[in-house]
Structures are given as C-alpha cells and as structure tokens.
Trainee: 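Take this structure first; my questions come after.
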Amino acid sequence: MLRGRSDGSQKKRLVASLCVVAIFLGFLYVYNGSIFGSQNTGSSALEYGSKSLKKLGASYLGADDDSDGKQDESSSSVVKQGDVEVDIVPKNYPVCDDRHSELIPCLDRHLIYQLRLKLDLSLMEHYERHCPPPERRFNCLIPPPPGYKIPIKWPRSRDEVWKANIPHTHLANEKSDQNWMVVKGAKLVFPGGGTHFHNGADKYIAAIAKMLNFTGNNLNNEGNLRTVLDVGCGVASFGAYLLSSDIIAMSLAPNDVHQNQIQFALERGIPAYLGVLGTKRLPYPSRSFELAHCSRCRIDWIQRDGILLLELDRLLRPGGYFAYSSPEAYAQDEEDRRIWRVMSALVGRMCWRIAAKKDQTVIWQKPLTNDCYMEREPGTLPPLCQSDDDPDAVWGVNMETCITPYSEHDHKAKGSELTPWPARLTSPPPRLADLGYSNEMFEKDTELWQKRVENYWNLLNPKVSSDTVRNVMDMKANMGSFGAALRSKDVWVMNVVPHDGPNTLKIVYDRGLIGSIHNWCEAYSTYPRTFDLLHAWTVFSDLEKKDCSLEDLLIEMDRMLRPTGFIIIRDKQNVIDHVKKYLTALHWEAVATADSGSDSSDRDGNEVVFVIQKKLWLATEL
C-alpha cells in the first residue's frame, strides 16, 4: 500500500521520504546538508521508465525532466520547504491492484483488521465509517473491472445493467425466489421484486398508499409525501419504483453480507447511500423524511432501549410514517409475538399510533405536536432529549436514547408547513429562519444557480445528450439551488453539505431534495464509478484552509466518477491552475474553461469554471 499525500505536515514527510529514495538512486543534490532540489532542473524526483500507469506498489512520485533541464509546468506543482521549492506532482499514478476495484476507503473491512480496531460487532460498528490515517491512504487509481462497459442509460438502467460492471451474481442465486435480480447473458436484470414484495415493488407501493387512504392509491399524497428513507433497501427496487410517483428515496444499506446491493442501486441510477443504523446518527438532519420504510430489513428495533427507532423518530417529519413489513407484524410463533409486544409498547411510549395494519405490514405515524409527550407519566421511557441537544448535529455524533420534541414554533404549527411538491422546490421553507436566512436570500440564490446551471450546460453541450448524465453529486450544496436548477433534467442529485459549515442540509430536504453531511478530508461512503457528474463549488478553496490534501480529494473524485463522467469545478484561478497540473496523471481531459466575471449577474466574478472529463481506461490496456 502506498502512503498518502497531504498539504500540511504530511507534505514534509513526503518530501523527506522522497529525499531518502532520491539519494539512494543518486538523483539528488544536497544543499546545506538537509535541503534537496536543483535550481537548474527544477526538482529532483524519480523518473518513470514508462508512460503507462504503474501497478500499486511501484514508485509513482515523478516530475517531467526535459532534456534541456526545463520543467514542464503543466504537470508539476510546487511545495515549499523553507525557501526551496520542491516539485512532487506525479507524472502518472499507479493503478491499484485489481482486488481494490471496489474499494471504499472508509468502509474497508481489511483496514479494520489491519488496524486491529476493537469494535462491537453486535452494535454494527464494523459497518460504520473507519477511515485510514493519512499514511495508509491509497495513492493509486481504482481500476474498472475487466470488460467494463459504459453503463446502460436511464431509464433502461432501472431494469438492467451490465454484468461486467458489477461481476457479482450471488444475490441472483441467494434471492432467486424473491425476484431481486436475474442473470440474463451479459446483463443483470431487476424484475422489481424484494424479500417482501415478490410480485413487484409497484404493487406493494400502491398497497401502502391504499392502506393510508391516499387519493388514487398514489403514495405521494398529492405532493405532500416527497422524501423517503428506505432502511435495509436491498437493490433499491422500492426506491426505483417510487420515482414514477415523484417521490425520492434515500436507499440505505451497509456493506454487509449482501455487500454489493448499494452498488447495484447506483449502477441502476437509483439514489442510494452506504450506511448503517449502528451507534452514530445517520448523516441527515432532523425532520428530513415523510416516510421511513423497512421491509424485512433484519434490524433489531428493540435493542438498546429502542435507540434505532428513536433515530428514525429524529429523522421523521411531524406526522411522518414508518411502514414496517416483517414477520413480527403478523407471525404467531412465540418469539415473533414477544418482539411485537415489546415493539408495540415502545412505539406507544414514543407517542406513535397505528395508522394502518393489514396482512404483513403495519404503518405507524409520528405525532404532529408535543401534546402526547407532555401527557406521559413522569419517568416514562424513553425520555425527552435535553434542551441543549442539537438534533441536526450528526457528523460523528452518537445516537441518543431520547425523543426529540418539537420547538414551540413547530408545536404550534402542527406540521412541517411545507408546500406540496413540486412547488416546495422553489418555495422558501420555514426552517430558513433557523439559519438566519431570509426569503429574499433564498430566492436570489435559486435564481443565481438557475443561470449558472444554464451556463454549465452550454459548456457541456458538445459532449452531452439528454441521457448522458443520471447520477449527480453537488459536493458543496449550500441550499440545494444547483440541484433545484436541474429539475428539468432526468437526473437525481446527492447534495453534500460540509460538516463544519452552516447546516443547510435541512433546507435541501425541505425543498424535496436529498443529500448527506460529509467531511471532504475523508473519502465518501460510496462505491467507485457511481456518479456521472461531480460539481465542486469552492470545495478546494475550503480544503486549502484545513490541514487536508487537495491531491487526496482529486483521487477520491476520480474514484467516485464513472469513466467518461464529468467534473465541474468552480473556484479561484489559482485552484484551477493547480488542478490542471494533475490532468495527465489522472487521465482526465479539459473540456472547457469560463470566467464567471463575464456574467454581470454573477456576484462571484472572481471565480473560474473548469469542466473536465474522465477518460475511459482499462488496466489491461495500459
């Protein structure tokens, strides 16, 4: 495993390591006994013996050393050590070993074993995020699997994907009687079934809507039910079939024994996230979802005084639903009946009521106000959370065994006060006031990003058609206006909000969009090759202010991006210049550059827009 990069103290270690290697090879000049470099050649570094990418384990730090002694500035960056500038930008990155083609750095089981982390398996801690320390990060490009093909386009991808792209058929065998997926020649086909809905998710969804007496058996309830959390989602067919009803689901599952389920979901073009109900809060703010769903999700809901149900309670909006399809809801054997009794008593003390129950499914509803909480007997468990508990603080925060009560305003409002979808996409949500934002700020931000996205598509136009892009990530979403501006496109957007900035993700969800909190000093919880477009607005400038590696972020973006996918970087000119130096090593190519200052309506005229496309390459071809 190669050691990682950094832009702070790690750079010093990198330079020191480079110094030792270069001395050994005889390519280093030493000044004052400790400083290395050459004013004539620009730097001393390892020269590649081949123009092709090298395998993990090969030396990779290099610099272009022209025969005339001049450095090629397009493939070099400068790090200061004292008063001397040292070039450490690689000519090429090595290719990770084939066994890492599905590497998720912060969800790597091998890392847990290597670091000998003491985790409680009963609490699912081994499925939670455990990121490698800087010196153990991979310095290589994740290779596609042999035979990789450009993914099938949406909407066909909902029902079929290339087997070569995710060469795992164990779910087809294990779930053959449940219609999860079927192998058909070079493709994997998804009939729309699930453990509980063998006859199709569409019929199951309509049945839930009928149980709730929603108009026309449409689960979107005339636009009032928009965001859904599907826990233990399998290959996300439930979420896939919700899309036609203008409902977007965050399909959630861990990298467990069904370890490729989220990878299948994303390959199909369905919103999904790798996560687990373990010990940490899920990376979503309070009151984000109108419906939570669990269909045979194999979760022990009564463990630890109901802490996992209380996490769902935190995430549900006032009056939100929890649809639970499991043997405990109908089976008559002693253990299932015991679980049902304990679970029913627990949700009763949480003030949930049964909205509907039929056959194998029960649907509970969360209260609209605090009235029920206030009427409980003193000492009733679970207790209400302390007043200083922030229900929107989620990054690395432990779950609590307490009920999050509504604020006085929300209690009086008796609901979320959100307008129905799609009007809520552009309507200022009430929670703007939590952040001190005005309706005018929201409206101007929406208008600004509408213009910016139109300009983006003009830059992309020679390269894209209507079905080129499906899975999109906005790496710094703010209020979600970039995602809102894509409403007319047949895409979905993972809106990412930095963990240490204003918690605007609640605004994103209140607009009827989805996303997650994240720290870009770490790898994201997704499989390689899962997004068609990454949008990075001042993400690199923000990272420069921290002791984090810009190079690590570039390699992480390459990991997440599908071959032939696009990156739009909107940042300062010096950031763009820095990124350009890595294009060759990353096998990216520049598509377009635009100066935002040319648009008088753009308040950030000092930002530059840089559009990049990732090339398709296979390790066997290099």
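We count residues from 1, following the sequence as given.
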Trainee: Determine whether R304 and L123 make a side-chain contact, defined as any pair of heavy atoms from C-beta on separated by less than 4.5 Å.
Mentor: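 Counting from C-beta outward, R304 and L123 do come under 4.5 Å.
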Trainee: Answer yes or no: is there a donor N or O on one side and an acceptor on the other, between the side chain of S245 and the main chain of I247, under 3.5 Å?
Mentor: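 Answer holds: no.
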Trainee: Do the numbers put R452 on top of the ring of W449, so that NZ or CZ is under 6.0 Å from the six-membered ring centre and no more than 45° off the axis?
Mentor: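 Pair R452/W449 counts as cation-pi.
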Trainee: Please report the C-alpha distance between Y509 and F289 in whole Å, then the side-chain angles of each, then the deciding distance to 0.1 Å, and finally whether the ring pair (Phe, Tyr, Trp, His ring centres under 6.0 Å) criterion is met.
Mentor: CA-CA 8 Å; Y509 274 93; F289 302 98; 5.2 Å; yes
Trainee: Distance from R158 atom CZ to S237 atom OG, nearest 0.5 Å?
Mentor: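 It comes to 8.5 Å.
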Trainee: Are the charged groups of E311 and R314 less than 4.0 angstrom apart, N to O?
Mentor: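 The answer is yes: the pair qualifies as a salt bridge.
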Trainee: Any side-chain heavy atom of W421 within less than 4.5 Å of one from L225?
Mentor: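 Sidechains of L225 and W421: no contact.
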Trainee: Contact between F442 and I507 at the side-chain level, heavy atoms closer than 4.5 Å - yes or no?
Mentor: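 Yes, close enough: below the 4.5 Å cut-off.
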Trainee: State whether the side chain of Q263 and the backbone N or O of Y527 hold a donor-acceptor pair below 3.5 Å, judged by distance alone.
Mentor: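 Such a contact is absent between Q263 side chain and Y527 backbone.
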Trainee: Before you tell me yes or no, could you show the steps for M399 and L277 under side-chain contact (heavy atoms from CB on, under 4.5 Å), namely the whole-Å CA-CA distance, both residues' side-chain angles and the distance that decides it to 0.1 Å?
Mentor: CA-CA 9 Å; M399 294 180 189; L277 283 163; 3.7 Å; yes
Trainee: Give the C-alpha distance, both sets of side-chain angles, the deciding distance and a yes or no for side-chain contact (heavy atoms from CB on, under 4.5 Å) between Y204 and Y241.
Mentor: CA-CA 10 Å; Y204 174 65; Y241 282 83; over 6 Å; no
Trainee: For the pair T227 (side chain) and S288 (backbone), establish whether a donor and an acceptor sit closer than 3.5 Å, ignoring hydrogens and angles.
Mentor: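 Such a contact is found between T227 side chain and S288 backbone.
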Trainee: Picking from T404, L310, L229, what satisfies side chain to side chain contact (heavy atoms under 4.5 Å, CB included) with L315?
Mentor: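 The single option meeting the side chain to side chain contact (heavy atoms under 4.5 Å, CB included) with L315 is L229.
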Trainee: Would you say the side-chain atoms of Y324 and S295 include a donor-acceptor pair closer than 3.5 Å?
Mentor: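 No, no side-chain donor-acceptor pair sits under 3.5 Å.
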Trainee: Check P405 against C385 and note the closest heavy-atom contact, atom names and distance.
Mentor: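 Shortest heavy-atom separation between P405 and C385 comes out as CD-N, 4.2 Å.
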Trainee: Please say whether the positively charged group of K366, taken as NZ for Lys or CZ for Arg, lies over the ring of W352, i.e. under 6.0 angstrom from the six-membered ring centre and within 45 degrees of the axis.
Mentor: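 Output no; distance or angle outside limits.
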Trainee: Determine whether V496 and M494 make a side-chain contact, defined as any pair of heavy atoms from C-beta on separated by less than 4.5 Å.
Mentor: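 Answer yes - side chains close enough.
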Trainee: Please determine if R281 and D389 form a salt bridge, counting it only when a charged side-chain N lies under 4.0 Å from a carboxylate O.
Mentor: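 So R281 pairs with D389 through a salt bridge.
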Trainee: I need the L291 CG to I208 CD1 distance, nearest 0.5 Å.
Mentor: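 Output value for this atom pair is 7.0 Å.
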Trainee: For residues W520 and H518, establish whether the separation of their ring centroids is below 6.0 Å.
Mentor: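 Centroid distance W520-H518: below 6.0 Å, so yes.
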Trainee: Would you tell me whether S525 and R129 have side-chain atoms, one donor and one acceptor, within less than 3.5 Å of each other?
Mentor: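 Short answer, yes.
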Trainee: Cation over ring, K357 on W340, under 6.0 Å and within 45°?
Mentor: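 Checked: cation-pi criterion met.
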Trainee: Test your reading of the model: is there a side-chain donor-acceptor pair from E290 to the backbone of R226, 3.5 Å cut-off?
Mentor: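 Present.
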Trainee: Give a yes-or-no answer on whether the side chains of S541 and D571 include a donor-acceptor pair shorter than 3.5 Å.
Mentor: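 There is such a pair between these side chains.
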Trainee: Regarding E454 and K451, does a basic nitrogen lie under 4.0 Å from an acidic carboxylate oxygen?
Mentor: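 Between K451 and E454 there is no salt bridge, as every charged N stays at least 4.0 Å from the carboxylate O atoms.
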Trainee: Parallel under 30°, tilted from 30 to 60°, perpendicular over 60°: which one fits the rings of W492 and F531?
Mentor: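 Taking F531 first and then W492, their aromatic rings sit tilted (interplane angle of 30° to 60°).
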Trainee: Over all heavy atoms of both residues, which pair between P383 and T401 is shortest? Give the atoms and the distance, please.
Mentor: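 Residues P383 and T401, closest heavy atoms: CD-O, 3.5 Å.
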Trainee: Measure across A536 and M475 and return the closest heavy-atom pair with its distance rounded to 0.1 Å.
Mentor: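 Heavy atoms of A536 and M475 come nearest at CB-SD, 4.0 Å.
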Trainee: Using the side-chain contact (heavy atoms from CB on, under 4.5 Å) rule, take W154 and L243 through it: C-alpha gap first, then chi angles, then the decisive distance, then the call.
Mentor: CA-CA 12 Å; W154 181 267; L243 291 167; 3.7 Å; yes
Trainee: Between D532 and N471, is there a donor-acceptor pair closer than 3.5 Å when you use the side chain of the first and the backbone of the second?
Mentor: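 Checking the backbone N and O of N471 against the side chain of D532, a donor-acceptor pair under 3.5 Å is found.
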Trainee: Donor-acceptor pair, distance only, cut-off 3.5 Å: does the side chain of N255 make one with the backbone of Y127?
Mentor: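 No, N255 side chain to Y127 backbone: no donor-acceptor pair under 3.5 Å.
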Trainee: How many angstroms lie between CG in N495 and CE in M479, if you round to the nearest 0.5 Å?
Mentor: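 Answer rounded to 0.5 Å: 12.5 Å.
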Trainee: Kindly state whether the ring of H293 and the ring of F322 have centres lying under 6.0 angstrom apart.
Mentor: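 No, ring centres 6.0 Å or more apart.
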Trainee: So do I568 and L534 actually touch side chain to side chain, heavy atoms under 4.5 Å?
Mentor: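 No, every pair of side-chain atoms sits at 4.5 Å or beyond.
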Trainee: Would a line drawn from the ring center of Y406 to the ring center of H411 be shorter than 6.0 Å?
Mentor: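 Between Y406 and H411, the centre distance exceeds or equals 6.0 Å.
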Trainee: If you look at every heavy atom in V362 and A329, which pair is closest and at what distance?
Mentor: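 Here V362 and A329 meet closest at CG1-CB, 4.2 Å.
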Trainee: Is the closest side-chain heavy-atom distance between D500 and K546 below 4.5 Å?
Mentor: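 With C-beta onward as the side chain, the pair touches.
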Trainee: Quick one, R529 and L561 - any side-chain contact, counting heavy atoms below 4.5 Å?
Mentor: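 The answer is no, as the side chains (C-beta and beyond) never meet within the 4.5 Å cut-off.
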Trainee: Examine distances only and state if a side-chain atom of E556 and a backbone atom of A523 form a donor-acceptor pair shorter than 3.5 Å.
Mentor: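 Not at all, since once roles are kept as given, no pair shorter than 3.5 Å links the two residues.
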Trainee: Are a donor atom and an acceptor atom from the side chains of Q360 and S325 found within less than 3.5 Å of each other?
Mentor: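 No pair is found: no donor N or O on one side chain lies under 3.5 Å from an acceptor on the other.
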Trainee: Could you give the distance from OG1 (T504) to CG (D392), rounded to the nearest 0.5 Å?
Mentor: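 So the gap between those two atoms works out to 11.0 Å.
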Trainee: Counting neighbours of CG on D305 that are heavy atoms of other residues, nucleotides or ligands and sit closer than 6.0 Å, is the number greater than 12?
Mentor: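 Check fails, neighbour count at 12 or below.
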Trainee: Judged by modelled atom types alone, do R570 and Y456 share a side-chain donor-acceptor pair under 3.5 Å?
Mentor: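 Yes, Y456 and R570 have a side-chain donor paired with an acceptor closer than 3.5 Å.
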Trainee: Check R562, R268, R470 against P151 for a side chain to side chain contact (heavy atoms under 4.5 Å, CB included) and give me the one that passes.
Mentor: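 Among the candidates, only R562 passes.
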Trainee: Provide the closest heavy-atom pair for E267 versus S157 in the form atom of the first, atom of the second, distance.
Mentor: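 Scanning both residues completely, I find the closest heavy atoms to be O-CB, 4.1 Å.
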Trainee: Atom CD1 in I403, atom OG1 in T380: separation rounded to 0.5 Å?
Mentor: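 So the CD1 of I403 and the OG1 of T380 are separated by 9.0 Å.
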Trainee: Hey, are S481 and R511 close enough side-chain-wise for a donor-acceptor pair under 3.5 Å?
Mentor: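 Yes - a donor-acceptor pair under 3.5 Å links their side chains.
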Trainee: Could you check, using the six-membered ring where one of them is a Trp, whether Y273 and Y524 have ring centers closer than 6.0 angstrom?
Mentor: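 Distance test on ring centres: under 6.0 Å, yes.
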Trainee: Are the side chains of M181 and Q261 in touch, meaning some heavy atoms are under 4.5 Å apart?
Mentor: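 Sidechains of Q261 and M181: no contact.
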Trainee: If you measure only the distance, is there a donor-acceptor pair under 3.5 Å linking the side chains of E128 and T279?
Mentor: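 Side-chain D/A pair, E128 to T279: present.
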Trainee: Okay, side chain of E522, backbone of N519: is any donor-acceptor separation there less than 3.5 Å?
Mentor: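 A pair under 3.5 Å: no.
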Trainee: With a cut-off of 6.0 Å (strictly less than), are more than 12 heavy atoms of other residues, nucleotides or ligands near CZ of R337?
Mentor: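 No - once you tally the heavy atoms of other residues, nucleotides and ligands closer than 6.0 Å, there are 12 at most.
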Trainee: What are the two closest non-hydrogen atoms of S251 and I262, and how far apart are they?
Mentor: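 Of all heavy-atom pairs spanning S251 and I262, the closest is O-CD1, 3.7 Å.
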Trainee: Going by atom type alone, with no hydrogens or angles, which donor-acceptor pairs under 3.5 Å involve a side-chain atom of residues 425-439 and a protein atom two or more places apart or on another chain?
Mentor:
residue : atom : partner : partner atom : Å
S427    : OG   : A423    : O            : 2.7
R431    : NE   : D510    : OD2          : 2.9
R431    : NH1  : S286    : O            : 2.9
R431    : NH2  : S286    : O            : 3.3
R431    : NH2  : R287    : O            : 3.0
R431    : NH2  : D510    : OD1          : 3.0
S438    : OG   : M441    : N            : 3.1

Trainee: Start with the C-alpha distance between C372 and C351, add both sets of side-chain angles, then the distance that settles disulfide bond (SG atoms under 2.5 Å apart), and finish with yes or no.
Mentor: CA-CA 6 Å; C372 175; C351 293; 2.1 Å; yes
Trainee: How many angstroms lie between CD1 in I104 and OG1 in T530, if you round to the nearest 0.5 Å?
Mentor: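 That separation rounds to 9.0 Å.
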